[in-house]
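Worksheet for the structure shown next.
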Amino acid sequence: MKLLVINGPNLNMLGIREPEIYGSATYQALENLVREAAAEAGFEVEIIQSNHEGALVDAIQQAYGKADGIIINPAAYTHTSVAILDALKTVALPAVEVHISNVKEREDFRQVSYAGMACFHTVMGEGLEGYRTAIRVMKDKLSS
Ligand code: CA2
């Protein structure tokens, strides 16, 4: 089974700023965790990070016919991007939304998630470990 993990803008800067919100682990540590959790769950995994909305849309479209599921942290585009929502709806693959922080307890402008409207589950506030949870949730969904 193939999994595509997509990370949005600025997540490549993890560990560099705002450790009180996002922790002190680096983006490389996040990729390592995802690869380990995916292997444990029996997934082949591809991980993509981009700061560009269109590149995220391209990645979602390219998953069509190739991946069995998508795990996505669209970062700031969570709260603005109808294009990412439309792409997720178009490919219609099972998708899980992940956020490192607990967005529910943050600013008003973070209270809408467009991408989340096309996801069957959301994980938030678990730090990087949230990606492991998301992978397990996806495994359960695809095994049922
Ligand atoms: O909690 C999350 O995972 C977010 O998706 C992170 C986004 C934020 O806009 C969302 O509301 C919630 C921001 C990612 C920025 O990542 C940084 C990493 C290191 C230093 C600064 C920002």
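Excluded from the calculations below are hydrogen atoms, water molecules and symmetry mates; all remaining heavy atoms, backbone and side chain alike, are included. In listed order, ligands and their atoms are each counted from 1.
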Close-contact set for ligand 1 against Ala76 heavy atoms, below 4.0 Å | 9 (O)
Is there at least one pair of N or O atoms, one from Tyr22 and one from ligand 1, spaced under 3.5 Å apart?
-> no
Taking only heavy atoms of His79 into account, list the atoms of ligand 1 that are under 4.0 Å away from them.
-> 10 (C), 11 (O)
Side-chain donor or acceptor of Lys139 paired with backbone N/O of Ala41 under 3.5 Å | yes
Indicate, as side chain, backbone, both or neither, the part of Glu18 found under 4.0 angstrom from ligand 1 when only non-hydrogen atoms are considered.
-> side chain
Would you kindly specify which portion of His99 sits under 4.0 Å from ligand 1, judged on non-hydrogen atoms: side chain, backbone, both or neither?
-> both
Could you check atom 17 (C) of ligand 1 against the protein and tell me its nearest heavy-atom contact, residue, atom and distance included?
-> Asn10 O, 3.5 Å
Can you tell me the protein heavy atom closest to atom 20 (C) of ligand 1 and the distance?
-> Arg17 O, 3.2 Å
Pick one of side chain, backbone, both or neither for how Asn73 approaches ligand 1, counting any non-hydrogen atom pair under 4.0 Å.
-> side chain
Indicate whether the side chain of Ser113 and that of Glu97 have a donor and an acceptor atom separated by less than 3.5 Å.
-> yes
So which of Val123, Ile100, Val103 gets nearest to atom 2 (C) of ligand 1, if we judge by its closest heavy atom?
-> Ile100
Of all the non-hydrogen atoms in the protein, which one sits nearest to atom 1 (O) of ligand 1, and at what distance?
-> Ser101 OG, 2.6 Å
Could you tell me how the ring of Phe109 sits relative to the ring of His79: parallel (under 30°), tilted (30 to 60°) or perpendicular (over 60°)?
-> perpendicular
With distance as the sole criterion, is a donor-acceptor pair present between the side chains of Asn32 and Glu36 under 3.5 Å?
-> no
Can Met124 be said to touch ligand 1, with heavy atoms closer than 4.0 Å?
-> no
Under 3.5 Å between some N or O of ligand 1 and some N or O of Thr78?
-> no
Under 3.5 Å, is there a donor-acceptor pair between the Asn73 and Tyr131 side chains?
-> yes
Ranked by distance from atom 8 (C) of ligand 1, the top protein heavy atom is Arg110 NH1, 3.2 Å
Do me a favour and list the nearest non-hydrogen protein atom to atom 19 (C) of ligand 1 with residue, atom name and distance?
-> Met13 O, 3.2 Å
Could you tell me the separation between the CG atom of Leu14 and the OH atom of Tyr27, rounded to the nearest 0.5 Å?
-> 8.5 Å
Go through Arg132 and Glu40 one step at a time and tell me if the side chain to side chain contact (heavy atoms under 4.5 Å, CB included) criterion holds.
-> CA-CA 10 Å; Arg132 193 188 304 278; Glu40 218 170 81; 4.2 Å; yes
Option among Asn7, Ile6, Asn51 that satisfies the side chain to side chain contact (heavy atoms under 4.5 Å, CB included) test with Leu56 | Ile6
Output yes when a side-chain donor or acceptor of Glu53 lies under 3.5 Å from a complementary backbone atom of Ile84, and no otherwise.
-> no
